[in-house]
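Sending over a structure as structure tokens; questions will come in a sec.
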Protein chains: 2
Amino acid sequence: MVIKKLKKLGLKLTPQRLAILNLLEGNTTHPSAEEIYNQLKPQYPSLSLATVYNTLEVLTKSGELQEIRIKADKRHFDPNPAPHSHFLCRVCESVHDLDDGLLEMQTPFNVNGYLVEGYTLYFYGICPGCLEKEKGKNR
Amino acid sequence: MVIKKLKKLGLKLTPQRLAILNLLEGNTTHPSAEEIYNQLKPQYPSLSLATVYNTLEVLTKSGELQEIRIKADKRHFDPNPAPHSHFLCRVCESVHDLDDGLLEMQTPFNVNGYLVEGYTLYFYGICPGCLEKEKGKNR
DNA sequence: TACTAAATTATAATAATTTTAAATTAAAAG
DNA sequence: CTTTTAATTTAAAATTATTATAATTTAGTA
């Protein structure tokens, strides 16, 4: 699990990193750096936001996480580094995995002379929960 | 053309707006707000960056332009509001249209209970020009 | 236990974008 | 054509996520 991941990458096993990785493990809420920071702060009062950013960057670069840039102003993080698409609800602003099966490609590949090494597919709209609430209103 | 667009939207016909729209008309370089500002500044010395942002926002909201958020730090703008994908070259940092034909969907549609109203598809890699230069180096 | 490079921290810096409030102006009304 | 006014522009300050800095601390090793 988490400890093995860090060792594999030759990274020091600090309490901060363990906490961040444990929080992300199996987490499907796609938190931002600040959300991670706020959730850990009570248990790790000395934790710095810079450390959260540093850790997220190291883990992203080494392929353990993926960054989601579905919102203009804030990045979100996904502990699942495998390519898959995401959905942003314009009502509740939450980010969801969307396993649409619409687009699954092996990279790298070539299109029109362009060498494509990666890609992102983002969907925008209303999530099932918010759709349900809207229905309620119209009754 | 440009004048009709502004009138159709009920917007005042200011020199700044005309200049911005004319610069974008048929432009395939996907400029950022700052690039637009820098290109127009010599001819319109009083032009303010805030005006460029305001105009781009109005035009985007009214569906005349689309925002491209393919880069982390900067937004780019495309005078073609029709959905199509984009490519960011990691060498020269330029943004290109990529008419891949991989994904063309009518919105809105439903997937897994999600109401999808829009989507973006971004590709990352190396553009034809930069690939050519790299070949040159390896000789 | 001591050492050292890596990591953490608080703080300051950065940079794109947005807000503000005053001044200007396009377009409608007279 | 002049007046009016609401929209627009402007310069400047504010905002906000993220990154850089430099001093301090610490994990892992000898």
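Just so it is clear: chains get the letters A, B, ... in the order the sequence lines come, proteins before strands, and each one is counted from 1.
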Rounded interatomic separation in angstrom, taking CD from A/E57 and C1' from D/dT19: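 From A/E57 CD to D/dT19 C1': 9 Å.
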
Round to the nearest Å and state the distance from A/Y44 atom OH to D/dT26 atom P. 15 Å

Please pick, from C/dA7, C/dA10, C/dA16, the nucleotide with the shortest atom-to-atom distance to any side-chain atom of A/S48. C/dA10

Among C/dA7, C/dA16, D/dA7, which nucleotide has an atom closest to any side-chain atom of B/K12?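 That would be D/dA7.
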
If you take all heavy atoms of B/L98 and A/V111, which pair is closest and at what distance?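 Where B/L98 meets A/V111 most closely, the heavy atoms are CD1-O, 4.3 Å.
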
State plainly whether the residues B/E25 and B/K5 are in salt-bridge range, i.e. N to O under 4.0 Å.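 Result for this pair is yes, salt bridge flagged.
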
C/dT8 OP1/OP2 closer than 4.0 Å to side-chain N/O of A/T14: yes

Is B/Q16 near enough to C/dT25 that one of its side-chain N or O atoms lies under 4.0 angstrom from OP1 or OP2? no

What is the nucleic acid contact for B/S32, judged by heavy atoms within less than 4.0 Å: base, sugar-phosphate only, or nothing?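 Nothing, no heavy atom under 4.0 Å.
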
Under a 4.0 Å N-O cut-off, is there an ion pair linking A/E64 with A/K8?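 Judged by the 4.0 Å cut-off on N to carboxylate O distance, A/E64 and A/K8 do form a salt bridge.
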
Whole angstrom value for the distance that separates P of C/dA15 from OH of B/Y37: 17 Å

Looking for any heavy atom pair under 4.0 Å, which part of the strands does B/K74 touch: base, sugar-phosphate only, or nothing? sugar-phosphate

State whether A/Y53 places a side-chain N or O below 4.0 Å from either non-bridging phosphate oxygen (OP1 or OP2) of D/dT19.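 Answer is no, no contact under 4.0 Å.
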
Can you check the A/N54 CG to C/dT11 P distance for me, whole Å?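 From A/N54 CG to C/dT11 P: 17 Å.
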
What is the separation between atom CG on B/L11 and atom P on D/dA6, rounded to the nearest whole Å? 18 Å

The answer to which of B/L49 and A/L49 contacts DNA chain C further toward the 5' end, by nearest nucleotide, is A/L49

Looking only at side-chain atoms of B/A50, point me to the closest of D/dA12, D/dA6, C/dT8.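 Selected nucleotide: D/dA12.
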
Euclidean distance, atom CG of residue B/L56 to atom P of D/dT9 [Å, nearest integer]: 12 Å

I need the CZ-P distance between B/R75 and C/dA16, as an integer number of Å. 12 Å

For B/R17 and B/K12, indicate whether the former's side chain and the latter's backbone hold a donor-acceptor pair under 3.5 Å. yes

Nearest whole angstrom, please: distance from the C1' of D/dT19 to the NZ of A/K61. 12 Å

Between A/Y122 and A/R69 (side chain of the first, backbone of the second, donor and acceptor by atom type, cut-off under 3.5 Å), is there such a pair?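 Such a contact is found between A/Y122 side chain and A/R69 backbone.
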
